[in-house]
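Chain letters run A, B, ... following the sequence lines, proteins first and then strands; every chain starts at 1.
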Amino acid sequence: MSQQGNKQAKKSGGKKGGKQRELAIAKRSEDYPQWYQDVVRFGELAEPAKVVKGCMVIKPHGYAVWEKIQRDLDGRFKDTGHRNAYFPLLVPMSFITKEAEHVEGFAPELAVVTQAGGVELEEPYAIRPTSETIIGHFFAKWIDSHRDLPLLINQWANVMRWELRTRMFLRTTEFLWQEGHTAHASHDEAEAEVLRMLNVYGDFAEQVLAMPVIRGTKTATERFAGAVDTKCIEAFMQDGKALQAGTSHDLGQNFGRAFDVKFQAESGELEYVWQTSWGVSTRLVGGVVMTHSDDEGLVLPPRVAPIHAAIIPIFRNDEQKAEVMVAAERIKAALSEIDISPPRARYRDFLEVALDDRDMRPGAKFYDWERRGVPMRIEIGPKDLEKGQVCLKMRVDTEAVSGKQFLPEAEFLASARQRLLDYQDALLALARARMAANTVTLDTWEEFEQTFAGDSSKFAWCHWDGTAETEAAIKDKTKVTIRCVPLPGYGPAPEPGVCIYSGKPSAQRVLMAKAY
RNA sequence: CGGGGCGUGGCGCAGUCUGGUAGCGCGCCUGCUUUGGGAGCAGGAAGCCGAAGGUUCGAAUCCUUUCGCCCCGACCA
């Protein structure tokens, strides 16, 4: 939609009689890209840096979400035996060029440092777009024997890719991520690692982000530059598009050969190691936004919400205020004791509670906390004090729980933990339902063109003849790409058929959708 | 990087065509009154009009260049 269109959507889009136009978030149904930006902005997650092209500032509320993602994932990596390390931001250009496909893939988006300290560098440095090469260099030094394997390393870092088009969280020039790099003695072991970490990502996405994902294998065209195989998790966004939310690569011996990473096997033979790499990025924050949020703004699952509950005191005079604040403080203290740590987590997660004593009208505060995605709102006023109750409102209505609920204080406190956990589950269920409702099985090209007409997109299971030509032709005509060939259990069971485009034989259906 | 749109107090915009030295709403600060879904009144602060050149007595406005953001496309987490 044009800028003009955006403005008009905003002008007519004010809710509640349109009297608060400036504060309104564009509607998903009217202008999805504008809606996404509004949610990110009003949710105080991030803003464009502007002074640095294509970069964003992740604001405290957004960074807190990333910290929660990091904390949980980091624990999962430790559970799988990986150890954190840190490699240089700058990578000698000669490293990047060592692996043929890798250079080809990344050359167009490299930022390069050519001078420092006022003098031209003898060899320019690339700002890492990813670290396979420099880590390959060090693996070669660290690995001598099969006894050094497997080597399981993870790095939390920033990377830079000179993107032509950026969108906050989904694609920025600089982004934060985690990159795992492992070396193994056999291809079987490396393949198992690729799958193991893919499942770590998939479980994390569903359990923590409440974001359902399809696990699958990338086609050759979509594969990571330098990998022999790429597995991925693909998430469903509310506009029907797919978001590649995480990837896990089988690097074969490509980087082993390029960087001479050899080990002496039990047999005594010198062999190249088998490597993997896998990563997820701050893009996940964008995925969470587009999975759960609504026209009122951001929606955050409790497991990644920086604040779980906002308490809004309500009163008419100072005497009432004093009494209400006592109760509010008491409830805040009690809630703050509640431990919502996931089972077997390596961290403790206690309820974060905000007591909102700002001098604003309650209604304004309601909107404010809704825009920030806070799962639970508690109102406490004189009427509640009289009855010994609290008023509870969950950010998103579900089948089980909707609207305001009035609960005896003790009962609320006793059930608050479970309510949050149920809410987490409910968000996942809602997201699953949305994905299911927008997932179709298509058999004819006519249906296909209809499904993907204009800007529209769904998750479509279609037969594909397995050729890159067909893949390219489909993309060319409809902008639809093959997101993945599903792993067992994540798509229709393989059954032979005919390609939706070419009519040639196909072994199984693949996931097709437009993508971010 | 191509096509289109847009840069004016924090946000949303008017003013630009037809040059005369900047305005509105919201927000912000102070005070009083308010407070169960976006409060009211009064007073106040805040903008070298994205930037740099140029034309002119005079530029937000005209011309050139440049930077950035948004949308669409090609490339990609």
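In the model, A:Arg303 has no side-chain atom that pairs as donor or acceptor with a side-chain atom of A:Gln207 under 3.5 Å. Counted by atom type alone, A:Lys27 and A:Tyr32 present zero donor-acceptor pairs between their side chains at under 3.5 Å. For the residue pair A:Lys458 / A:Thr451, no side-chain donor-acceptor distance below 3.5 Å is found, with atom types taken as modelled.
Between A:Trp464 and A:Glu471, the shortest heavy-atom contact is NE1-N, 3.9 Å. Scanning both residues, A:Met160 and A:Ala111, for their nearest heavy atoms gives SD-CB, 3.9 Å.
The NZ-P distance, from A:Lys53 to B:A51, rounds to 19 Å in whole Å. Rounded to a whole Å, the CZ atom of A:Arg41 is 12 Å from the C1' atom of B:C69. Straight-line distance from the OH atom of A:Tyr516 to the P atom of B:C75: 18 Å, rounded to whole Å. Spacing between atom CG of A:Asp31 and atom P of B:G5 amounts to 17 Å, rounded to whole angstrom units. Taking atom CZ of A:Arg161 as the reference point, atom P of B:C1 lies 20 Å away to the nearest angstrom. Here B:U33 presents its P atom at 15 Å from CD of A:Gln320, a figure rounded to the nearest Å. As rounded to whole Å, 12 Å separates atom C1' of B:G38 from atom CZ of A:Arg358. The nearest whole Å value for the distance from the NZ atom in A:Lys50 to the P atom in B:A51 is 13 Å.
Across B:U55 and B:C63, the matching P atoms stand 15 Å from one another, rounded to whole Å. When the C1' atom is used for both B:A46 and B:U30, the distance is 15 Å, rounded to whole Å. Look at the P atom in both B:C17 and B:A60: the space between them is 12 Å, to the nearest Å. Between B:C49 and B:A59, the distance separating the two P atoms is 11 Å to the nearest Å. Nucleotides B:A22 and B:C69, compared at atom P, are 31 Å apart to the nearest Å. When the C1' atom is compared between B:G27 and B:G20, the two are found 32 Å apart, to the nearest whole Å. Using C1' as the reference atom, B:C28 and B:G47 are 15 Å apart when rounded to the nearest Å. When the C1' atom is compared between B:G4 and B:A77, the two are found 27 Å apart, to the nearest whole Å.
A donor N or O paired with an acceptor N or O is not found under 3.5 Å between the base of B:G36 and the side-chain atoms of A:Arg361. Side-chain atoms of A:Glu370 come within donor-acceptor range of the base of B:G37, with a qualifying N/O pair under 3.5 Å. If you check distances only, the side chain of A:Asp368 never reaches the base of B:G38 with a donor-acceptor pair under 3.5 Å.
In this structure, of B:U35, B:C70, B:A39, it is B:C70 that holds the atom nearest to the side chain of A:Thr166. Of the candidates B:A77, B:U35, B:C69, B:A77 carries the atom nearest the A:Glu163 side chain, counting heavy atoms from C-beta on. With B:G38, B:A77, B:C70 as the candidates, the nucleotide lying closest to the side chain of A:Arg371 is B:G38. Of the candidates B:A77, B:C70, B:U35, B:U35 carries the atom nearest the A:Asp359 side chain, counting heavy atoms from C-beta on.
In this structure, A:Lys479 reaches the B:G73 phosphate: one of its side-chain N or O atoms is under 4.0 Å from OP1 or OP2. For A:Lys475 and B:C75, the shortest distance from a side-chain N or O to OP1 or OP2 is below 4.0 Å.
Formation of a donor-acceptor pair under 3.5 Å by the A:Glu99 side chain with backbone atoms of A:Glu101 is found in this model. Judged by distance alone, the side chain of A:Arg434 and the main-chain N or O of A:Thr291 form a donor-acceptor pair under 3.5 Å.
Residue-level contact check: A:Asp384 touches the bases, meaning some heavy atom is under 4.0 Å from a base atom. Among the atoms of the strands shown, none is found under 4.0 Å from any heavy atom of A:Lys365. No engagement by A:Pro313 is indicated, since no non-hydrogen atom pair under 4.0 Å with the nucleic acid exists. Across all strands, A:Gly287 comes closer than 4.0 Å to no nucleic acid atom at all (heavy-atom distances). A:Glu379 comes within 4.0 angstrom of a base, heavy atoms only. As judged by a 4.0 angstrom heavy-atom cut-off over every strand, A:Thr221 is placed among residues making no nucleic acid contact. Residue contacts for A:Pro33: at a heavy-atom cut-off of 4.0 Å it reaches the sugar-phosphate backbone alone, with no base atom in range. A:Leu170 comes within contact range of at least one nucleobase, with a heavy-atom separation under 4.0 Å. Residue A:Phe175 is classed as a base contact, given a heavy-atom separation below 4.0 Å to a base.
With ring centers used as reference points, A:Tyr501 lies 6.0 Å or more from A:Phe448. Two rings, from A:His249 and A:Phe224, have their centers less than 6.0 Å apart.
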Which pairs, protein N/O on one side and nucleotides 44-47 of chain B N/O on the other, fall under 3.5 Å?
none

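When Watson-Crick and G-U wobble pairs are counted only if both distances are under 3.5 Å, B:U30 pairs with B:A42. Partner assigned to B:G20 is B:C57, using Watson-Crick or G-U wobble distances below 3.5 angstrom. Under the Watson-Crick and G-U wobble criteria, each requiring two contacts below 3.5 Å, nucleotide B:U35 is left unpaired. A 3.5 Å limit on both hydrogen-bonding distances identifies B:G73 as the Watson-Crick or G-U partner of B:C1.
Under the stacking definition used here (centres under 5.5 Å, planes under 30°), the residue A:Phe366 fails to qualify as stacked on the base of B:G38. Using a 5.5 Å limit on the distance between ring centres and a 30° limit on the angle between planes, the aromatic ring of A:Tyr367 counts as stacked on the six-membered base ring of B:G38.
With A:Trp35 as the aromatic partner, A:Arg41 does not meet the cation-pi criteria of under 6.0 angstrom to the ring centre and within 45 degrees of the ring axis. Under the 6.0 Å distance and 45° angle rule, A:Arg377 counts as a cation-pi partner of A:Phe366.
For the pair A:Thr172 and A:Gly363, nearest-nucleotide mapping onto RNA chain B gives the more 5' position to A:Gly363.
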